[in-house]
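All of these numbers come straight from a predicted model, not from anything done at the bench. One-based numbering along the sequence shown.
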Amino acid sequence: MRVEIWSDIACPWCYVGKARFEKALAAFPHRDGVEVVHRSFELDPGRAKDDVQPVLTMLTAKYGMSEAQAQAGEDNLGAQATAEGLDYRTRDRDHGSTFDMHRLLHLAKERNLHAELLDAFYRGNFADERSVFNDDERLVELSVAAGLDADEVRAVLADPAAHADAVRADEREAAELGATGVPFFVLDRAYGVSGAQPAEVFTQALTQAWGERTPLKLIDDGDAEACGPDGCAVPRS
């Protein structure tokens with residue numbers, strides 16, 4: 001069974017939701033039969049790379065709330081992250097474009113290091129003091145810590161087209177599936193779960209999706225030639 005997760009590094013609920021899903025998956029009896037694939041989604045796709053501002057400034061401008069309300073929301077998120085065993089800075093975080101991080105995540109996927117880099121970016125954004133936005137060397141540092149080659153990372157950052165199509169393809173696919181926000185979880189293209197749901201909800205979704213998988217129906221008249229573990233049959237004249 002395949003579980004696809006659309007998320008954004010700037011999304012705190014994606015950070016929390018990932019931990020809740022992983023808790024459910026760790027306790028799922030068939031977890032070894034579940035493939036998890038992370039997909040790209042930008043909450044602010046038109047944002048310029050150098051347009052970086054404090055999270056509280058972004059929240060007050062975007063949602064029309066007071067700074068006190070925005071800070072209360074951050075404190076609540078911090079408490080929920082802590083409950084999942086995550087570090088979360090509730091003060092002095094930045095907000096900016098995540099496009100370069102998504103491009104690097106596609107590089108990491110090619111190197112089988114996607115999970116490591118995703119975790120590194122989440123920690124960098126939500127737990128560490130140094131901002132991850134508009135700072136290429138910070139992204140290089142995090143990428144190398146996740147196992148990537150520094151020169152490869154710098155080459156991607158220097159070429160705005162590198163892996164850009166893969167990011168946009170993920171985002172188009174999310175739109176086609178009806179995702180308007182993240183995190184968005186899709187199980188076997190049969191069930192969708194939106195938001196950072198409690199682990200119990202993910203457990204229920206995994207159980208239901210696993211139980212309703214449709215066995216492959218084979219159409220075979222028994223006479224067609226094929227290749228197998230012992231090689232290929234040689235046609236006889």
Side-chain angles (χ1 to χ4, degrees), residues 4-21 38-105 118-136 138-139 142 160 164 167-168 170-186 192-202:
E4 297 163 280
I5 307 173
W6 274 264
S7 58
D8 191 11
I9 303 302
C11 166
W13 289 118
C14 295
Y15 182 47
V16 173
K18 179 175 181 289
R20 291 176 177 172
F21 171 77
H38 290 274
R39 304 285 194 192
S40 295
F41 190 105
E42 294 171 276
L43 290 171
D44 203 350
R47 195 178 194 94
K49 181 173 180 175
D50 60 357
D51 185 4
V52 180
Q53 62 183 160
V55 166
L56 291 189
T57 302
M58 180 275 293
L59 291 172
T60 55
K62 186 171 184 177
Y63 299 107
M65 60 177 65
S66 68
E67 186 169 316
Q69 289 172 320
Q71 186 59 65
E74 280 292 286
D75 290 340
N76 174 55
L77 274 162
Q80 297 210 40
T82 299
E84 302 302 331
L86 302 171
D87 292 328
Y88 190 99
R89 292 179 61 226
T90 60
R91 302 290 191 277
D92 303 321
R93 285 195 305 106
D94 284 339
H95 176 77
S97 170
T98 57
F99 187 54
D100 282 349
M101 284 182 273
H102 284 294
R103 295 194 301 115
L104 289 173
L105 284 165
L118 183 61
D119 284 342
F121 282 161
Y122 273 138
R123 286 193 303 271
N125 185 35
F126 292 108
D128 295 349
E129 291 188 10
R130 184 176 169 187
S131 177
V132 296
F133 299 106
N134 197 27
D135 185 345
D136 284 0
R138 175 62 170 150
L139 298 186
L142 291 170
V167 176
R168 299 305 183 210
D170 276 356
E171 293 173 338
R172 284 194 302 272
E173 198 163 6
E176 290 166 2
L177 290 169
T180 57
V182 285
F184 187 65
F185 302 77
V186 177
V193 178
S194 181
Q197 300 287 347
E200 294 78 10
V201 174
F202 289 121

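For the pair Trp6 and Glu173, the minimum side-chain heavy-atom distance is below 4.5 Å. Side chains of Asp94 and Met58 form no contact here, defined as non-hydrogen atoms less than 4.5 Å apart. Counting heavy atoms from C-beta outward, Asp92 and Glu129 have side chains that stay 4.5 Å or more apart. Glu84 places none of its side-chain heavy atoms less than 4.5 Å from the side chain of Lys18. When side chains are defined from C-beta on, His38 does not count as touching His102, because their heavy atoms never get closer than 4.5 Å. By the 4.5 Å heavy-atom criterion applied to side chains, Pro160 and Phe99 are not counted as neighbours. Residues Phe133 and Thr98 meet the side-chain proximity criterion, which asks for heavy atoms closer than 4.5 Å. Contact annotation: the side chain of Gln71 approaches that of Arg91 to within less than 4.5 Å [non-hydrogen atoms, C-beta and beyond].
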Show your reasoning for whether side-chain contact (heavy atoms from CB on, under 4.5 Å) applies to Leu77 and Thr90. CA-CA 8 Å; Leu77 274 162; Thr90 60; over 6 Å; no
For Asp128 and Arg138, what are the C-alpha separation, side-chain angles and deciding distance, and is it a salt bridge (charged side-chain N to carboxylate O under 4.0 Å, His left out)? CA-CA 11 Å; Asp128 295 349; Arg138 175 62 170 150; 2.8 Å; yes
Step-by-step side-chain contact (heavy atoms from CB on, under 4.5 Å) determination, His95 to Asp44: CA-CA 10 Å; His95 176 77; Asp44 203 350; 3.9 Å; yes
Test side-chain contact (heavy atoms from CB on, under 4.5 Å) applied to Arg130 and Asp135, step by step: CA-CA 10 Å; Arg130 184 176 169 187; Asp135 185 345; 3.1 Å; yes
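Applying the ring-ring contact (aromatic ring centres under 6.0 Å, His included) rule to pairs touching residues 49-93 yields Tyr88-Phe126, sequence neighbours excluded. Applying the salt bridge (Lys or Arg N to Asp or Glu O under 4.0 Å) rule to pairs touching residues 49-60 yields Arg47-Asp51, Lys49-Asp100, Lys49-Asp136, sequence neighbours excluded.
Closest of all the heavy-atom pairs between Pro45 and Glu42 is CD-O, 3.5 Å. Closest approach of Ser40 to Val167, counting heavy atoms only: CB-CG1, 3.9 Å. The minimum heavy-atom distance linking Ala127 with Asp87 is given by the pair CB-CB, 3.6 Å. Closest approach of Leu177 to Val186, counting heavy atoms only: CD1-CG2, 4.2 Å. Taking all atoms of both residues into account, the shortest heavy-atom contact from Thr60 to Ala70 is CG2-CB, 4.2 Å.
Judged purely by atom type and a 3.5 angstrom limit, Arg20 uses its side chain to pair as donor or acceptor with the backbone of Ala196.
Within 6.0 Å of CD on Glu67 lie no more than 12 heavy atoms contributed by other residues, nucleotides or ligands.
Of the residues Leu86, Ile9, Asp119, the one that meets the side-chain contact (heavy atoms from CB on, under 4.5 Å) test with Tyr15 is Leu86.
Rounded to the nearest 0.5 angstrom, Ser131 OG and Asn125 CG are separated by 7.5 Å. How far CZ of Arg39 is from CD of Glu171: 12.5 Å, rounded to the nearest 0.5 Å. Here the straight-line distance linking atom OH of Tyr122 with atom OG of Ser7 works out to 3.5 Å at 0.5 Å rounding. For the atom pair CG (Leu43) and OG (Ser97), the distance works out to 11.0 Å, reported to the nearest 0.5 Å.
For Thr82, the side chain to side chain contact (heavy atoms under 4.5 Å, CB included) test picks out no residue, with sequence neighbours left out.
For Phe202 and Phe185, the distance between ring centers is under 6.0 angstrom.
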